[in-house]
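In what follows, a structure is listed as structure tokens, so that the remarks can point back to it.
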Amino acid sequence: MKYNKTENKLKFDYNNMTAAFIGERGFTDKELHSMNQAAKAAFDKVSEGRGKGWMGWTELPYNQSEIVEDILATAKDIRKNFDNFVVLGIGGSALGPIAVYQALCHLHHNELPKKVRKAPKFYVEDNIDPERMNALFDIIDPAKTMFNVITKSGATSETMSQYLIVTDILKEKLGDNYKNNVIATTSAKSGNLIKIAKAEGFKTFYIPDGVGGRFSELCPVGLLPAAVLGIDIKGMLKGAEFMDKTCNKSVPAKNPALMAAVLQYLAMKKGCNVTVMMPYADSLKYMADWYCQLWGESLGKAVDLDGNRVNAGQTPVKSLGVTDQHSQVQLYTEGPYDKVVTFIAVESFRSELLIPDGAEEYPDVNFLCGATMGKLLNTEREATEYALMKAGRLNNTIILPEVNAFTIGQLLYFYELQTAYEGALLNIDTYNQPGVEEGKNATYAMFDRKGYENKKAELEARPVKSAKYII
Ligand code: PA5
């Protein structure tokens with residue numbers, strides 16, 4: 001599908017990050033200009049790194065034409081032959097598919113009749129809660145389900161345990177044909193899943209070497225589930241490409257992702273350790289979960305690239321407008337000055353509802369009549385933005401003219417770029433996650449995995465919990 005670039009361009013409104021609007025806690029033009037050199041260095045670093053090391057994600061809008069055709073052909077078969085499509089994955093192998101499904105499918109996709117839905121029902125199992133997995137098997141027929149096992153490392157315990165459970169059930173039902181119900185999306189070189197996939201003869205898609213989990217939505221990790229759901233994946237990639245081109249200047253005032261990174265950097269320096277993403281659209285609700293992983297795991301680092309202890313990062317918080325106006329906005333307006341709120345606004349909703357007349361005798365209700373629900377939602381967003389501004393709270397807004405494949409591609413790429421720039425400004429390794437290793441290794445040790453005997457000994461020597469503190 002073709003998208004008009006002018007009509008579908010994302011905008012970044014940072015008025016309420018400036019001193020002119022929110023007063024002393026905002027940034028002056030002088031402060032912003034003082035960041036130009038550091039911003040240029042971050043821009044250059046990201047530009048020079050493109051396509052190298054862990055920065056393979058920058059090239060995804062450009063280098064996947066063959067893969068996309070394979071994905072579309074595979075998706076067509078799945079749509080014809082399966083009732084359900086289940087993703088088995090966690091973290092970066094799940095959050096992108098969930099976010100894009102929510103954004104670009106009907107909000108009650110699974111409940112629609114099959115002929116309206118025109119795609120299988122969609123589920124993402126991104127936890128190992130046995131009740132949840134059993135509940136899934138209560139509602140799907142595994143024989144009519146395609147399972148897409150997604151793991152970059154090909155070794156993640158959660159995903160591999162799900163894989164074992166699912167294939168055991170499939171083998172019992174389908175015998176040798178079970179392999180027709182499994183697609184593996186994994187690294188071509190490392191991990192066990194690729195070995196298993198080759199041995200079993202599964203259809204396989206590859207996660208490129210230089211694309212890490214949380215940067216993988218625009219590769220087969222996200223593209224296959226999206227294509228199965230009938231989402232315009234070429235449109236998403238075009239949107240990402242458009243954002244890449246929009247952000248090709250080293251001056252923040254001309255590069256929205258760089259400006260957004262600079263503003264968060266300045267905010268962090270002033271003690272804003274919390275970043276809230278607050279979409280005003282249910283379709284974008286899970287974009288906030290995707291963003292939380294991207295921002296949290298990429299930037300939360302103990303040491304910088306020179307080995308200095310920095311304990312960098314900001315705690316990402318997800319919030320939903322208007323729902324959380326009735327739960328969290330009190331805190332954002334009057335609590336500690338430790339947050340930046342980013343609203344995600346949608347100008348035009350894909351469907352509307354008129355609030356009808358019917359309360360003429362009740363002026364306190366009647367004022368709503370005749371407006372659309374979308375207008376009420378956006379007015380409340382504007383009003384909340386105003387309240388935060390008046391309270392001197394840092395906030396900014398990303399504006400989507402509409403939610404469609406092209407704008408979602410832009411949004412995903414915008415945040416990936418912003419995260420890369422932010423990591424460069426903070427001089428940290430954006431692409432590793434050493435902080436999650438300890439927990440993983442302790443699990444392996446407790447499960448008596450070979451090679452983790454020393455860790456097991458270390459765990460056994462840990463202080464025994466006191467009953468005194470368990471009440
Ligand atoms: O961003 C990352 O690399 C991680 O959060 C991974 O996405 C997550 O741990 C899942 O890893 P894998 O895809 O290897 O199963």
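This chain uses plain numbering: 1 for the first residue, then up along the sequence. Atoms considered below: every heavy atom in the structure, side chains included; atoms not considered: hydrogens, waters and symmetry mates. Treat the numbers as computed from the prediction; the structure is a model and nothing was measured. Counting convention: from 1, in listed order, for ligands and their atoms alike.
A salt bridge does not link Lys121 with Asp83: every distance from a Lys NZ or Arg NE/NH1/NH2 to an Asp or Glu carboxylate oxygen is 4.0 Å or more. The existence of a salt bridge linking Glu48 and Lys45 is excluded, since no basic side-chain nitrogen approaches an acidic carboxylate oxygen closer than 4.0 Å.
In this structure, Tyr415 has its ring center at least 6.0 angstrom away from the ring center of Trp295.
Taking NZ from Lys318 and CG from Leu284, the interatomic distance works out to 14.5 Å, rounded to the nearest 0.5 Å.
For atom 9 (O) of ligand 1, the closest non-hydrogen atom on the protein side is Lys440 NZ, 4.5 Å. For atom 3 (O) of ligand 1, the nearest non-hydrogen atom of the protein is Gly213 N, 3.4 Å. Among all non-hydrogen protein atoms, the one lying nearest atom 8 (C) of ligand 1 is Ile90 O, 3.8 Å.
Residue Gln293 places a heavy atom under 4.0 Å from ligand 1.
For the pair Lys203 and Phe205, the cation-pi test (distance below 6.0 Å, angle within 45°) is passed. The cationic group of Lys144 does not satisfy the cation-pi geometry with Phe82, failing either the under 6.0 Å distance to the six-membered ring centre or the 45° limit from the ring axis. A cation-pi geometry, defined here as NZ or CZ lying under 6.0 Å from the six-membered ring centre and within 45° of its normal, holds between Arg393 and Tyr337.
The N/O atoms of Lys152, backbone and side chain alike, include one that comes under 3.5 Å of an N/O atom in ligand 1. By the 3.5 Å distance cut-off applied to N or O atoms, Gly92 is counted among the residues near ligand 1. Considering both main-chain and side-chain atoms, Ser153 comes within under 3.5 Å of ligand 1 through a nitrogen or oxygen pair.
Annotation for ligand 1: atoms under 4.0 Å from non-hydrogen atoms of Thr156 are 11 (O), 12 (P), 14 (O), 15 (O). Numbered from 1 in the order shown, with element, the atoms of ligand 1 that lie under 4.0 Å from a heavy atom of Glu297 read 1 (O), 2 (C), 4 (C), 5 (O).
Distances from atom 1 (O) of ligand 1 to the protein include at least one heavy-atom value under 4.0 Å.
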